[in-house]
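Chain letters run A, B, ... following the sequence lines, proteins first, then strands; residues in each count from 1. Everything numeric here is computed off the predicted structure, so don't read it as measured data.
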Number of protein chains: 2
Amino acid sequence: MIFDAIDRKLLDYLQADSKQTNKELSNKLNLSVTAVYERIKKLEREGYINKYVALVNKQQVDRAFVAFCHIKLVQHSQEYVVKFEKEVAKIKEVLECYHISGDYDYLLKVLVKDMHSFREFMVKKLTTIDHIGSTHSMFVINEVKHTTAINI
Amino acid sequence: MIFDAIDRKLLDYLQADSKQTNKELSNKLNLSVTAVYERIKKLEREGYINKYVALVNKQQVDRAFVAFCHIKLVQHSQEYVVKFEKEVAKIKEVLECYHISGDYDYLLKVLVKDMHSFREFMVKKLTTIDHIGSTHSMFVINEVKHTTAINI
DNA sequence: TCATAATTGAAAAATTTTCATCAATATACA
DNA sequence: TGTATATTGATGAAAATTTTTCAATTATGA
């Protein structure tokens, strides 16, 4: 399968706004509506596009307080790691969790209402998970850039 | 405007899959197609939904190497901060940039092909920005959880 | 009770999807 | 080299589906 310049542009457009009609895209790409349709189906089939989602305004739903939490486990046995990852993935406030290199084991992105609810999250949800050694939290003062679009 | 339990469910569904038809949603929500249509329009109008996007598989487009970079500026004058933020936002490898509390000033999420291209990114793009004092990079070993959906 | 807001089903408009056909490109072969 | 033959991708028209509009009806709250 050949992924060409048109496919790249199409991915750009769909990453920016997936609600554009095939007719709009066909104008931008100088193709017929059917050609656009077939290319999109191909991108979906070949796994370039994972899914289509609505992005929600976190201010509007009262989840504008963003924190990053570093976490160290007390031990790194298979059992502890699997358990921790399973538990942390279940917490709705945790949108992202990465196993990372460096001083800490994990980096979490956490969305809550405010500092008070962050404390609630730490006490009631995060630190109730077993085997956590230490944590270190950083709070987002300002979101300078935030995109889901991969620019290839 | 009243945001009720049905709106919440609707936001959940649209954050999970925005390509569902209003008919499918109307079945799940036990509403008519038009009621679903009007509620979605309301969510868009009131700013609950920012936009609709396609999420791309980073493995498929060769951007599977994820790093988080901490950055400290040499100074924090208005001029330096503004300049840095403007420049870093332009770099396509940087998907996210946060001004954060703590030992470092910024946290960046960076997507590249591999370690070699990460080095290229650091040398050719990031550290060519003026006023950067120090950096500290962490590499993602495993993505345990990654969602764009805010669970309210 | 009245006014407002939300829901419904039907109709209209628009979009997606299918399909037969055509054009361009590469491949096989004499 | 030149010709026949798949193969791939594109096109426009038609069919199917979905979105959008609209008038009427039902809830909801002051």
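Between B/Tyr37 and D/dT21 there is a side-chain polar atom (N or O) within less than 4.0 angstrom of OP1 or OP2. Close to C/dT17, at under 4.0 Å from its OP1 or OP2, lies a side-chain N or O of A/Lys41. Considering only side-chain N and O atoms, A/Asn22 lies under 4.0 angstrom from the phosphate OP1 or OP2 of C/dT16.
With rounding to whole Å, B/Leu29 atom CG is found 11 Å from C/dT7 atom P. As a whole-Å value, the separation of A/Asn27 CG from C/dT15 C1' is 14 Å. Summarising the geometry, the separation between CG on A/Leu10 and P on D/dG9 is reported as 14 Å, rounded to the nearest angstrom. Between the CD1 atom of B/Ile2 and the P atom of D/dA27 there is a distance of 17 Å, rounded to whole Å. Protein atom CD of B/Glu38 is 9 Å distant from nucleotide atom C1' of D/dT20, rounded to whole Å. Rounding to whole angstrom units, CG of residue B/Asp4 and P of C/dA6 are separated by 9 Å. Between the NZ atom of B/Lys23 and the P atom of D/dT20 there is a distance of 15 Å, given to the nearest Å. The interatomic distance linking A/Glu46 (CD) with D/dT8 (P) rounds to 12 Å, in whole Å.
A donor and an acceptor atom, one from each side chain of A/Tyr13 and A/Gln15, are nowhere located under 3.5 Å apart. There is no side-chain donor-acceptor pair under 3.5 Å between A/Gln20 and B/Tyr52. Of the N and O atoms on the side chains of B/His99 and B/Asp105, not one donor lies less than 3.5 Å from an acceptor on the other residue.
Closest to the side chain of B/Leu31, from the set D/dG9, C/dC19, C/dT7, is C/dT7. Of the listed nucleotides (C/dA10, C/dT7, C/dT17), C/dT7 has the atom at the smallest distance from the side chain of B/Ser32. Side-chain proximity of A/Val33 to the nucleotides D/dG9, C/dT16, C/dA10 is greatest for C/dT16.
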Self-check item: salt bridge (charged side-chain N to carboxylate O under 4.0 Å, His left out) between B/Glu93 and B/Lys125, intermediate numbers included
Solution: CA-CA 9 Å; B/Glu93 287 88 350; B/Lys125 304 221 179 161; 3.2 Å; yes

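Using a 4.0 Å heavy-atom criterion, one finds that B/Thr21 contacts the sugar-phosphate atoms exclusively.
Each of B/Ala35 and A/Gln20 was matched to the nucleotide of DNA chain C holding its nearest heavy atom; the match closer to the 5' end belongs to B/Ala35.
Looking at A/Lys9, A/Lys42, A/Arg39 one by one, the single match for salt bridge (Lys or Arg N to Asp or Glu O under 4.0 Å) with A/Asp4 turns out to be A/Arg39.
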